[in-house]
Number of protein chains: 2
Amino acid sequence: MNYKIKSRIWIEADNNVFLGEGRVRLLKAIDTDGSLSKAAKSLEMSYKKAWTLLDAVNKSATKPVVITSVGGKNGGGAKLTPYGKSLIIAFDTINKGCWKYLDKHLDKINSI
Amino acid sequence: MNYKIKSRIWIEADNNVFLGEGRVRLLKAIDTDGSLSKAAKSLEMSYKKAWTLLDAVNKSATKPVVITSVGGKNGGGAKLTPYGKSLIIAFDTINKGCWKYLDKHLDKINSI
DNA sequence: AACCGTTATATTTATAAAGAAATAACGCTA
DNA sequence: TAGCGTTATTTCTTTATAAATATAACGGTT
């Protein structure tokens with residue numbers, strides 16, 4: 001039997017978690033759906049949990065990541081800023097690179 | 001303010017966690033102390049928690065990692081196998097390399 | 001045979017995290 | 001002004017995790 005190697009990476013700001021895989025997944029869904037409640041539904045997550053995650057992201061970010069609006073034509077919505085979109089891309093790039101690095105070095109374990 | 005990037009890596013065997021940072025820390029303490037109960041104390045962890053961790057390691061390992069003995073001269077003890085010692089070294093090597101990789105690419109986030 | 005320091009295990013009790021449900025507020029539309 | 005679909009927030013309940021406690025078994029030593 002061969003072992004597998006796994007990882008989780010996350011970004012911290014001032015000792016608080018800012019971005020992780022779950023939060024990036026939520027940001028992607030917001031970008032697709034244009035709404036926090038719809039994003040929550042599409043991820044099979046409670047609205048409250050999604051709201052709490054997004055709130056944490058916005059509070060620890062150095063620049064706005066998602067702009068929310070309440071009321072109006074369609075009831076409101078949530079929209080990623082260009083900064084938010086760039087964050088998703090950068091995070092995914094680093095994450096995939098990390099996986100690649102780890103897979104490349106797993107034989108250090110399997111060959112013992 | 002600048003972001004920091006953090007990670008956790010772990011090894012899985014057959015969809016079960018085999019080795020992670022906490023388990024490696026425990027193995028190191030066992031190697032130092034020669035006893036699971038002493039290792040637990042030195043890590044300020046309950047004996048039961050330490051035992052459960054070690055049990056999980058032994059159950060999912062492909063080769064013996066720690067040999068325990070009960071009764072006898074000093075009441076018994078726990079001793080790493082050569083395989084166990086090699087695992088610690090390999091895990092730490094990969095983990096440090098992962099940190100280095102991530103730190104090198106953090107500017108992808110900070111420079112947005 | 002009694003003692004000792006271990007490993008091994010079950011049971012109970014706290015504590016923390018997650019989930020569910022309800023409600024308010026907002027601003028456009030009709 | 002009543003209705004709609006959102007965001008925003010509180011409260012309560014449930015579930016999962018961790019911690020604490022107790023006890024058995026082992027095999028040398030004295």
Side-chain angles (χ1 to χ4, degrees), chain A residues 8 10 12 15-61 64-81 84, chain B residues 6 8 10 12 15-61 64-81 83-84:
Chain A
R8 300 298 292 244
W10 66 95
E12 289 192 5
N15 293 329
N16 296 313
V17 175
F18 164 50
L19 263 193
E21 289 186 21
R23 295 177 187 199
V24 166
R25 198 154 42 229
L26 177 61
L27 293 182
K28 286 177 181 172
I30 290 172
D31 196 33
T32 301
D33 299 329
S35 141
L36 181 55
S37 61
K38 283 179 188 164
K41 265 183 200 132
S42 75
L43 295 177
E44 291 180 348
M45 175 190 298
S46 73
Y47 173 83
K48 189 203 163 180
K49 184 172 180 183
W51 183 87
T52 304
L53 280 175
L54 179 57
D55 187 54
V57 169
N58 279 327
K59 275 182 179 159
S60 51
V65 174
V66 171
I67 304 294
T68 59
S69 61
V70 53
K73 189 178 180 183
N74 297 308
K79 194 173 183 329
L80 260 70
T81 63
Chain B
K6 306 221 170 174
R8 299 299 292 244
W10 66 95
E12 288 191 6
N15 292 330
N16 296 313
V17 175
F18 164 50
L19 263 193
E21 288 186 22
R23 294 176 188 201
V24 166
R25 199 155 40 230
L26 177 61
L27 293 182
K28 286 177 182 173
I30 290 172
D31 196 32
T32 300
D33 299 330
S35 143
L36 181 54
S37 60
K38 282 179 189 163
K41 266 183 200 133
S42 75
L43 295 177
E44 292 180 348
M45 176 190 298
S46 74
Y47 174 82
K48 189 203 164 181
K49 184 172 179 182
W51 183 87
T52 304
L53 280 174
L54 180 56
D55 187 55
V57 169
N58 279 325
K59 275 182 177 159
S60 52
V65 175
V66 171
I67 305 294
T68 59
S69 62
V70 53
K73 189 177 181 183
N74 297 308
K79 194 174 183 331
L80 260 70
T81 63
Y83 178 61

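Reckoned from all heavy atoms, side chains included, excluding hydrogens, waters and symmetry mates. Proteins get letters first, then strands, A, B, ... in listed order; numbering begins at 1 in each.
- Across residues 17-26 of chain A, not one residue has a non-hydrogen atom less than 4.0 Å from an atom of DNA chain C.
- Among residues two or more places apart in sequence or in another chain, the side chain to side chain contact (heavy atoms under 4.5 Å, CB included) test is passed with B:Val24 by B:Leu19, B:Lys28, B:Ile88, B:Phe91, B:Asp92.
- A donor-acceptor contact shorter than 3.5 Å links the side chain of B:Thr81 to the backbone of B:Pro64.
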Should B:Leu27 and B:Val65 be marked as a side-chain contact (heavy atoms from CB on, under 4.5 Å) after you check the CA-CA gap, both sets of side-chain angles, and the distance that decides it?
CA-CA 9 Å; B:Leu27 293 182; B:Val65 175; 4.0 Å; yes
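- The separation between A:Ile67 atom CD1 and D:dA8 atom P is 11 Å, rounded to whole Å.
- As a whole-Å value, the separation of B:Lys79 NZ from C:dT6 P is 17 Å.
- Separating the NZ atom in B:Lys79 from the CG atom in B:Asp31 is a distance of 7.5 Å, to the nearest 0.5 Å.
- Atoms CG and CE, on A:Leu26 and A:Met45 in that order, are 5.5 Å from each other to the nearest 0.5 Å.
- Between B:Trp51 and the phosphate of C:dA8, there is a side-chain N or O to OP1/OP2 separation shorter than 4.0 Å.
- A heavy atom closer than 4.0 Å to some atom of DNA chain D occurs in A:Ser35, A:Leu36, A:Ser37, A:Lys38, these being the qualifying members of residues 32-43 of chain A.
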Close N or O pairs between protein and nucleotides 27-30 of chain D (under 3.5 Å):
from   : atom 1 : to      : atom 2 : distance (Å)
D:dG27 : O4'    : B:Gly72 : N      : 3.2
D:dG27 : N3     : B:Gly72 : N      : 3.1

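- Within the 4.5 Å cutoff, no side-chain heavy atoms of A:Asp33 are placed close to those of A:Lys41.
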Checking A:Asn16 against A:Lys59 for the side-chain contact (heavy atoms from CB on, under 4.5 Å) test, could you report, in this order, the C-alpha distance in whole Å, the side-chain angles of both residues, the deciding distance, and whether it holds?
CA-CA 10 Å; A:Asn16 296 313; A:Lys59 275 182 179 159; over 6 Å; no
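- If you measure from atom OH of A:Tyr47 to atom C1' of D:dG5, you get 11 Å, rounded to the nearest angstrom.
- Checked by atom type and distance alone, the side chain of B:Arg25 never pairs as donor or acceptor with a backbone atom of B:Leu43 at under 3.5 Å.
- In this view, B:Lys6 and A:Trp10, A:Glu12 satisfy the side chain to side chain contact (heavy atoms under 4.5 Å, CB included) rule, not counting sequence neighbours.
- In this structure a side-chain-to-backbone donor-acceptor pair under 3.5 Å is present from B:Arg23 to B:Phe18.
- We find that CE of A:Met45 is positioned 16 Å from C1' of C:dA20, with the value rounded to whole Å.
- Whole-Å rounding puts the B:Asn58 CG to C:dT7 C1' distance at 12 Å.
- Between B:Thr32 and B:Ser42 there is no side-chain heavy-atom pair separated by less than 4.5 Å.
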Generate the contact string for nucleotides 10-21 of chain D. Rules: B means base contact, S means sugar-phosphate contact only, - means no protein heavy atom under 4.0 Å.
BB-------BB-
Working for side-chain contact (heavy atoms from CB on, under 4.5 Å), residues B:Leu54 and B:Ile30
CA-CA 10 Å; B:Leu54 180 56; B:Ile30 290 172; 4.1 Å; yes
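- The nearest pair of heavy atoms linking B:Ser46 to B:Ala40 is O-CB, 4.0 Å.
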